[in-house]
Every structure is written in structure tokens, then in C-alpha cells.
Amino acid sequence: MTKKILVTGATGTIGREVAKCLAADGASTRAGVRDRTKARKQFGDDIELVAFAFEDKRLFTDALEDVEKVFLLPPLMPNQVEVTNAFVDAAQRAGVQHIVKLSAIGVGTETFTAGEWHAANERHVRNSGLGFTFLRPNSFMQNFINYFPPRDGVIYLPWGNGKASFVDARDIASVAARALTNEAHKNKIYTLTGPAALSIDEVARTLSHVAGREIEYVDVPESTARDAMLKAGMAEWQVDLLMELHEINKQSRWSTITSDVQEIIGKPPIAFREFACDHADKFR
Ligand SMILES: NC(=O)c1ccc[n+]([C@@H]2O[C@H](COP(=O)([O-])OP(=O)(O)OC[C@H]3O[C@@H](n4cnc5c(N)ncnc54)[C@H](OP(=O)(O)O)[C@@H]3O)[C@@H](O)[C@H]2O)c1
């Protein structure tokens with residue numbers, strides 16, 4: 001029986017790309033999904049699907065059957081630590097050998113809620129004795145599509161002149177696929193960034209150029225950003241968590257550039273301009 005790689009978060013920004021990279025490499029891949037219809041649309045019949053939800057332990061046994069490695073993408077929920085750790089315990093019992101965990105830049109060095117949750121999950125994976133690889137990416141370039149896209153030509157963010165070394169989700173996925181298929185990445189921690197630290201003004205200028213229309217950045221006060229998220233129906237815990245990230249970025253605390261992507265995948269990380277060109281239709 002060929003041992004499998006289970007990909008969690010497989011219908012999301014990163015997991016989708018990880019599953020596709022693995023399948024393209026010929027790895028025996030199983031996608032753990034909540035929504036089969038969505039998954040089938042993404043993957044066609046190419047990838048095996050299994051029902052999976054972090055909060056439903058009854059699904060773990062089938063999801064983990066014959067699985068040797070796991071791409072672990074913790075869900076953003078208030079009990080992330082508990083549900084993710086319970087899944088790690090199940091993986092260990094099922095004989096999994098190696099977990100490649102998506103984490104976040106700043107884990108272990110900065111104090112922020114999402115980082116503390118990821119740190120607790122990292123500790124649990126380490127303490128479990130399983131092989132691990134922790135991927136700590138900076139903010140995804142895809143956030144400008146999924147979370148703060150230009151609205152009527154304006155990006156509203158409370159980042160002041162802060163800069164960040166945004167990284168393309170496709171690079172994170174390529175690194176994850178390498179870590180899942182190459183033993184050399186066992187027990188390693190990587191900080192994944194793009195090739196340049198950019199302010200939101202610079203992001204807006206690049207998007208304007210690529211989209212062929214004016215896109216501007218409006219630096220909104222924190223209170224305005226908070227109220228807008230609450231008004232849009234986001235839960236207070238989530239708004240608090242995101243405001244911490246905005247504050248860190250306003251202070252350019254994640255503007256560092258690392259060589260990890262280049263060293264692992266053997267080519268330079270995708271530049272913001274390339275990301276923008278590849279998704280130009282989303283910004284027109
Ligand atoms: N965005 C950033 O800039 C950034 C930066 C660093 C780290 N991160 C970390 O990246 C992760 C988010 O990655 P992403 O952007 O790929 O997420 P995403 O696009 O929101 O996708 C989340 C995936 O997880 C699945 N999911 C959500 N809740 C689940 C649950 N309870 N059980 C099982 N599956 C569940 C979703 O399934 P459905 O399709 O069914 O919803 C989807 O497949 C978080 O851990 C975050 O801390 C994000």
C-alpha cells in the first residue's frame with residue numbers, strides 16, 4: 001500500500017495549491033475537505049477526497065488511514081489550539097511520521113494572539129515526537145484578493161507607511177510540497193517572505209499599473225478599520241486578532257526578507273508585480 005499525504009485546508013488559498021503541487025509531482029495525495037462539491041470543482045477527479053473537520057474527531061480515523069505525512073493548516077477559530085492539538089494526537093496514534101505545519105511569521109518572537117496559537121500548536125507537534133517542518137510565512141499577496149481587495153479603486157487599511165515582505169501563496173505551497181516529499185526538510189523551521197518589503201502605497205501603484213486604472217491607498221484610523229469589520233459581521237475575537245496584525249504591519253515589524261523560498265525551491269520568490277499580472281483580471 002502506497003503511503004499517502006493528507007492535505008488539510010485543501011479548499012483554501014494555500015492547501016489547494018499544496019494538493020495540486022503534490023499531485024503534479026505524482027505523490028499519493030488525499031485532500032481533507034468539508035465541502036466535496038467545492039473540492040471537486042477545484043481538483044476534478046485528480047485527487048482523492050475525504051471528509052474532514054478539525055472539530056469532528058469521528059472523521060480523523062478515515063482521514064488518517066494509510067497516511068504517512070500531513071500538511072497541517074490550523075483553522076482560524078477561537079479553539080484552534082485545542083482542535084489542532086487533538087488532531088496531532090490522532091495523527092501520532094495513526095502512525096503518521098511527519099507533519100508540515102503552516103504557521104506564521106513572528107511566531108516565537110512577537111506577541112500576538114494568532115502567533116501564540118500557532119506557537120502552542122508548534123510546541124505540541126514537537127512534543128509529540130513526530131517529524132516536523134514549520135512554515136512561517138509573512139502576509140500572503142493573495143490577501144489583496146481575499147481580504148482587502150480594492151473597493152471602487154481604493155484599498156482601505158490602517159497600515160500608515162508600514163512595509164511588509166508579502167509572499168505569494170504559490171511559493172508557500174511549493175515549499176510545503178518540497179517539505180512533504182524530501183526528508184532533508186524534516187525538523188526545520190522556515191520563514192517565508194517575498195523578495196521585497198512594500199508599503200501599501202507601493203502595492204497600490206503596482207496594482208494601478210497592472211490593472212490600467214487608478215488604485216489608491218487610504219490609510220484609515222484603527223477605529224474606522226475596527227468598526228468596518230464589525231459592521232461587516234466579523235466576530236469581535238477575530239477583529240481583535242486582525243487589529244493586532246495591522247498594528248504590527250503599521251510598525252513595519254515584518255519587513256524582513258529571507259532567502260528560504262529561494263533555497264528550498266531553487267528559484268527566487270514571486271515578486272508582487274508578477275502576482276499582480278497573474279491576477280490582473282481581479283483588479284480591473
Ligand atoms: N493570510 C495570511 O496572510 C496569513 C499569513 C500567515 C499565516 N496565515 C495562516 O494561514 C492559515 C490560513 O490559510 P489560508 O489563507 O489558506 O486559509 P483559507 O483560504 O481561509 O482556507 C482555510 C481552509 O481551511 C478549511 N477549514 C476552515 N475551517 C476548518 C475546520 N474547522 N476544519 C477543517 N477545515 C477547515 C477551509 O475549508 P472551507 O473551504 O470548507 O471553508 C479551507 O480549506 C491560518 O492558519 C493563518 O494563521 C495566514
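Everything numeric here is computed off the predicted structure, so don't read it as measured data. Index from 1, following the sequence. We count ligands from 1, going down the list as the structure has it; atoms in each ligand are counted the same way.
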Check the pair H118, F134 against ring-ring contact (aromatic ring centres under 6.0 Å, His included), reporting the backbone distance first and the verdict last.
CA-CA 10 Å; H118 277 299; F134 298 144; 10.0 Å; no
At a 4.0 Å threshold, what atoms of ligand 1 neighbour a non-hydrogen atom of N143?
1 (N), 2 (C), 3 (O)
I need the contact type for L102 against ligand 1. Using non-hydrogen atoms and a strict under-4.0 Å cut-off, is it side chain, backbone, both or neither?
side chain
Under a 4.0 Å threshold between the charged nitrogen and the carboxylate oxygen, would K4 count as salt-bridged to E65?
no
What protein heavy atom is closest to atom 47 (O) of ligand 1, reported as residue, atom name and distance in Å?
H118 NE2, 2.8 Å
State whether the side chain of T258 and the backbone N or O of T191 hold a donor-acceptor pair below 3.5 Å, judged by distance alone.
yes
protein heavy-atom neighbour closest to atom 48 (C) of ligand 1 works out as F140 CZ, 3.2 Å
Taking V167 as the starting point, is it possible to reach L102 by hopping between hydrophobic residues whose side chains are less than 4.5 Å apart?
yes
Cationic N near anionic O, under 4.0 Å, K186 to E183:
yes
Decide whether L135 and I189 are clustered together by the hydrophobic rule: side chain heavy atoms of Ile, Leu, Val, Met, Phe, Trp, Tyr closer than 4.5 Å, transitively.
no
So which heavy atom in the protein is nearest atom 38 (P) of ligand 1, and how far is it from that ligand atom?
T11 OG1, 3.4 Å
Looking at ligand 1, does any of its N/O atoms fall within less than 3.5 Å of an N/O of L73?
no
Just say parallel, tilted or perpendicular for the rings of F144 and F148, cut-offs at 30° and 60°.
perpendicular
Close-contact set for ligand 1 against P137 heavy atoms, below 4.0 Å
6 (C)
Starting from atom 20 (O) of ligand 1, which protein heavy atom do you reach first, and at what distance in Å?
Y147 OH, 3.5 Å
Using distance alone, decide if ligand 1 has a nitrogen or oxygen within less than 3.5 Å of any nitrogen or oxygen in E55.
yes
Verify the cluster assignment for I215 and Y147: are they in a single hydrophobic cluster under the rule of side-chain heavy atoms below 4.5 Å apart?
yes
Using only heavy-atom distances, determine whether the side chains of S199 and N161 contain a donor-acceptor pair under 3.5 Å.
no
Just by distance, do the side chain of E48 and the backbone of A31 share a donor-acceptor pair under 3.5 Å?
no
Does the pair R30/D66 count as a salt bridge with the N-to-O cut at 4.0 Å?
no
Which of the numbered atoms in ligand 1 are below 4.0 angstrom from a heavy atom of P74?
44 (C), 45 (O)
Heavy-atom nearest neighbour in the protein, as seen from atom 32 (N) of ligand 1, with distance rounded to 0.1 Å:
F54 N, 3.0 Å
Can you confirm whether the side chains of S259 and E263 place a donor and an acceptor under 3.5 Å from each other?
yes
Has ligand 1 got any nitrogen or oxygen that is less than 3.5 angstrom from a nitrogen or oxygen of P75?
no
When only distance counts, is R34 in polar contact with ligand 1, meaning an N/O pair under 3.5 Å?
yes
Is G12 close to ligand 1, meaning an N/O of one under 3.5 Å from an N/O of the other?
yes
Heavy-atom nearest neighbour in the protein, as seen from atom 25 (C) of ligand 1, with distance rounded to 0.1 Å:
G9 CA, 3.9 Å
Proximal atoms of ligand 1 relative to T13 (non-hydrogen, under 4.0 Å):
15 (O), 16 (O), 19 (O)
As a quick check of understanding, evaluate side-chain hydrogen bond (donor to acceptor under 3.5 Å, both in side chains) for T13 and Q142, giving each step before the final call.
CA-CA 8 Å; T13 308; Q142 280 74 4; over 6 Å; no
Please assess E122 against S103 for the test side-chain hydrogen bond (donor to acceptor under 3.5 Å, both in side chains), listing each intermediate value before the final yes or no.
CA-CA 8 Å; E122 286 190 3; S103 196; 2.6 Å; yes
Which atoms of ligand 1 have any heavy atom of A53 under 4.0 Å away?
32 (N), 33 (C)
Take the angle between the ring planes of F166 and W159 and call it parallel below 30°, perpendicular above 60°, tilted in between.
parallel
Mind checking whether M77 contacts ligand 1 via backbone (N, CA, C, O), side chain (CB onward), both or neither, at a 4.0 Å heavy-atom cut-off?
side chain
Within reach of ligand 1, part of S103 (heavy-atom separation under 4.0 Å):
backbone
Taking only heavy atoms of A104, which atoms of ligand 1 are found under 4.0 Å from at least one of them?
6 (C), 7 (C)
For ligand 1, indicate whether the residue N146 contacts it via side chain, backbone, both or neither (heavy-atom separation under 4.0 Å).
neither
Counting from 1 in the order shown, the ligand 1 atoms closer than 4.0 Å to a non-hydrogen atom of I14 are 16 (O)
Counting each atom of ligand 1 from 1 as listed, which ones have a heavy atom of S139 under 4.0 Å away?
3 (O)
Backbone or side chain, does any N or O of N138 fall under 3.5 Å from an N or O of ligand 1?
no
Side chain, backbone, both or neither: which applies to A10 and ligand 1 if a contact is any heavy-atom pair less than 4.0 Å apart?
backbone
Record the part of K38 in heavy-atom contact with ligand 1 below 4.0 Å; permitted values are side chain, backbone, both and neither.
side chain
